[in-house]
Amino acid sequence: MGKLTLLCDAKTDGSFLVHHFLSFYLKANCKVCFVALVQSFSHYNIVGQKLGVSLTAARERGQLAVLEGLRSAVDVFFRPREQLHPLQFLREASAGDLQPLYAFVRDALEPVDGGEDAWRCPVLLVDDLSVLLSLGVGPVAVLDFVHYCRATVCREWKGNIVALVHDSGDAEDEESDVLLNGLSHQSHLILRAEGLATGFCKDVHGQLRILWRRPLQPTAHRDRSLTYQYKIQDKSVSFFAKGMSPAVL
């Protein structure tokens, strides 16, 4: 059965995790559906080239399907209403129906029998789900979307899902808390990027908490976690134990 990996960032930018998984799955010859709601395709492509992959080439050969949110958010208003768009909810009075977005994911990743274009396991990558909340979609609707994607991509097709969500740290932001808690309970792996409590440091950019969740195990052995600090470089990310930065040593 496939896995759901939750990427979370708090008081820092966790986009480096998105770039890592995108390049990782493309190099692994997986079929990838990338719902990119934050940056332009050219931005992701430039970073991908630094990591050794060409998103343009992957899209041309049919390995990568991209929903470019910044461009699609404009396109949806300039097509007939009867032509459904993945971001159709932007035209609705009450934003809550993500079925067209799910249909885009399903059509992009549906396995093809045989042929030279038979890729490895399908992967859905979303950057990031918190944007849907900002666009007026309720957290329950976003969780329903993830549930349907898990049922199709993870259970039926044995693929994987990787999604980024922000932790605002605001106790009054109930919608963000509902989304984050709901996704955490569904996830098999949680990668949480956090800013340093001491503030900015040029040699240590933040810390990464890694939590493996095994819900079917007894309570005492259900979760296991590790914490590393990291420094983002031009073409890679260096990880080290807390207090063990090369600059310190």
Side-chain angles (χ1 to χ4, degrees), residues 1-9 12-71 104-129 146 149-150 152-165 187-193 205-206 208-212 226 228-240:
M1 183 181 296
K3 305 293 185 183
L4 169 61
T5 298
L6 175 63
L7 312 179
C8 177
D9 57 14
T12 191
D13 183 6
S15 61
F16 70 96
L17 295 170
V18 174
H19 296 300
H20 161 76
F21 279 99
L22 181 57
S23 62
F24 171 80
Y25 282 119
L26 290 178
K27 291 177 181 178
N29 207 35
C30 297
K31 179 65 179 292
V32 178
C33 176
F34 184 28
V35 180
L37 302 176
V38 179
Q39 300 285 354
S40 65
F41 176 81
S42 60
H43 169 81
Y44 294 107
N45 190 45
I46 290 172
V47 178
Q49 289 176 340
K50 293 183 179 181
L51 299 178
V53 295
S54 171
L55 272 60
T56 301
R59 186 165 64 174
E60 290 176 351
R61 63 176 175 263
Q63 182 187 7
L64 175 65
V66 180
L67 175 62
E68 190 175 356
L70 294 178
R71 177 175 297 175
F104 171 82
V105 173
R106 183 193 60 215
D107 295 343
L109 294 179
E110 188 169 10
V112 178
D113 295 332
E116 60 182 14
D117 293 332
W119 307 100
R120 293 181 62 187
C121 70
V123 176
L124 168 62
L125 180 59
V126 184
D127 182 23
D128 68 70
L129 287 172
V146 175
C149 289
R150 284 185 62 210
T152 302
V153 178
C154 297
R155 295 175 186 170
E156 183 179 351
W157 296 337
K158 305 299 185 290
N160 296 315
I161 297 176
V162 180
L164 175 69
V165 64
S187 302
H188 299 85
L189 173 64
I190 301 175
L191 302 179
R192 180 182 173 89
H205 292 156
L208 183 69
R209 297 182 184 271
I210 306 172
L211 175 64
W212 290 270
L226 291 172
Y228 293 97
Q229 292 182 332
Y230 64 86
K231 179 181 180 180
I232 301 176
Q233 299 168 327
D234 189 40
K235 297 183 179 181
S236 64
V237 180
S238 298
F239 293 93
F240 35 83

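Ser23 places a side-chain N or O within 3.5 Å of a backbone atom of His20 that can act as its donor or acceptor partner. Under a 3.5 Å cut-off, the side chain of Asn29 and the backbone N or O of Arg120 do not form any donor-acceptor pair. In this structure, the side chain of Ser54 engages the main chain of Ala57 through a donor-acceptor pair within 3.5 Å. Under the 3.5 Å distance criterion, the side-chain polar atoms of Lys31 are matched with a main-chain donor or acceptor of Ala108. A distance-only check finds no donor-acceptor pair linking the side chain of Gln63 to the backbone of Val32 [under 3.5 Å].
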Exercise for the section: Start with the C-alpha gap between Leu189 and Lys3, add the side-chain angles, then the distance that decides, and say whether side-chain contact (heavy atoms from CB on, under 4.5 Å) holds. Expected result: CA-CA 8 Å; Leu189 173 64; Lys3 305 293 185 183; over 6 Å; no
Requested in this report: Determine, stepwise, if the pair Trp157 / Glu110 fulfils side-chain contact (heavy atoms from CB on, under 4.5 Å).
Outcome: CA-CA 8 Å; Trp157 296 337; Glu110 188 169 10; 3.9 Å; yes
| message | Pair Val66, Tyr44 - check side-chain contact (heavy atoms from CB on, under 4.5 Å), show working. | response | CA-CA 11 Å; Val66 180; Tyr44 294 107; over 6 Å; no
- Could you go through the side-chain contact (heavy atoms from CB on, under 4.5 Å) check for Leu7 and Val18 one step at a time? CA-CA 8 Å; Leu7 312 179; Val18 174; 4.1 Å; yes
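To the nearest 0.5 Å, atoms CZ (Phe41) and CZ (Arg71) are separated by 9.5 Å. Distance CG/Asp127 to NE2/His19: 7.0 Å, rounded to 0.5 Å. To the nearest 0.5 Å, atoms CG (Leu125) and CG (Leu164) are separated by 9.0 Å. With rounding to the nearest 0.5 angstrom, the CD atom of Glu68 is 10.5 Å from the CD atom of Gln39. To the nearest 0.5 Å, the span separating NZ on Lys50 from CD on Gln233 amounts to 12.5 Å. Taken from CZ in Phe104 to CG in Leu109, the straight-line distance is 8.5 Å, to the nearest 0.5 Å.
A pairwise comparison of heavy atoms in Cys149 and Leu124 identifies SG-CD2, 3.8 Å as the closest pair. Minimum heavy-atom separation, His205 to Thr12: O-OG1, 4.3 Å. Considering all non-hydrogen atoms of both residues, Ser187 and Ile190 come closest at CB-CG1, 4.0 Å. Scanning both residues, Pro122 and Val153, for their nearest heavy atoms gives O-CG1, 4.0 Å.
Contact check for Phe21 versus Leu191: side-chain heavy atoms found under the 4.5 Å cut-off. A heavy-atom distance below 4.5 Å is found between the side chains of Leu17 and Leu208. You'll find the side chain of Leu226 reaches within 4.5 Å of the side chain of Trp212, heavy atoms only. Residues Arg59 and Phe34 have side chains not in contact (no heavy-atom distance under 4.5 Å, counting atoms from C-beta outward). When side chains are defined from C-beta on, Arg150 counts as touching Ile161, because their heavy atoms get closer than 4.5 Å. Two residues are said to be in side-chain contact when any heavy atoms from C-beta on lie closer than 4.5 Å; Leu211 and Arg192 fail this criterion.
With sequence neighbours left out, the ring-ring contact (aromatic ring centres under 6.0 Å, His included) criterion links Phe16 to Tyr230.
Using modelled atom types, one finds a donor on one side chain and an acceptor on the other under 3.5 Å when comparing Ser42 with Ser40.
Environment of OH in Tyr228: sparse, with no more than 12 heavy atoms of neighbouring residues, nucleotides or ligands closer than 6.0 Å.
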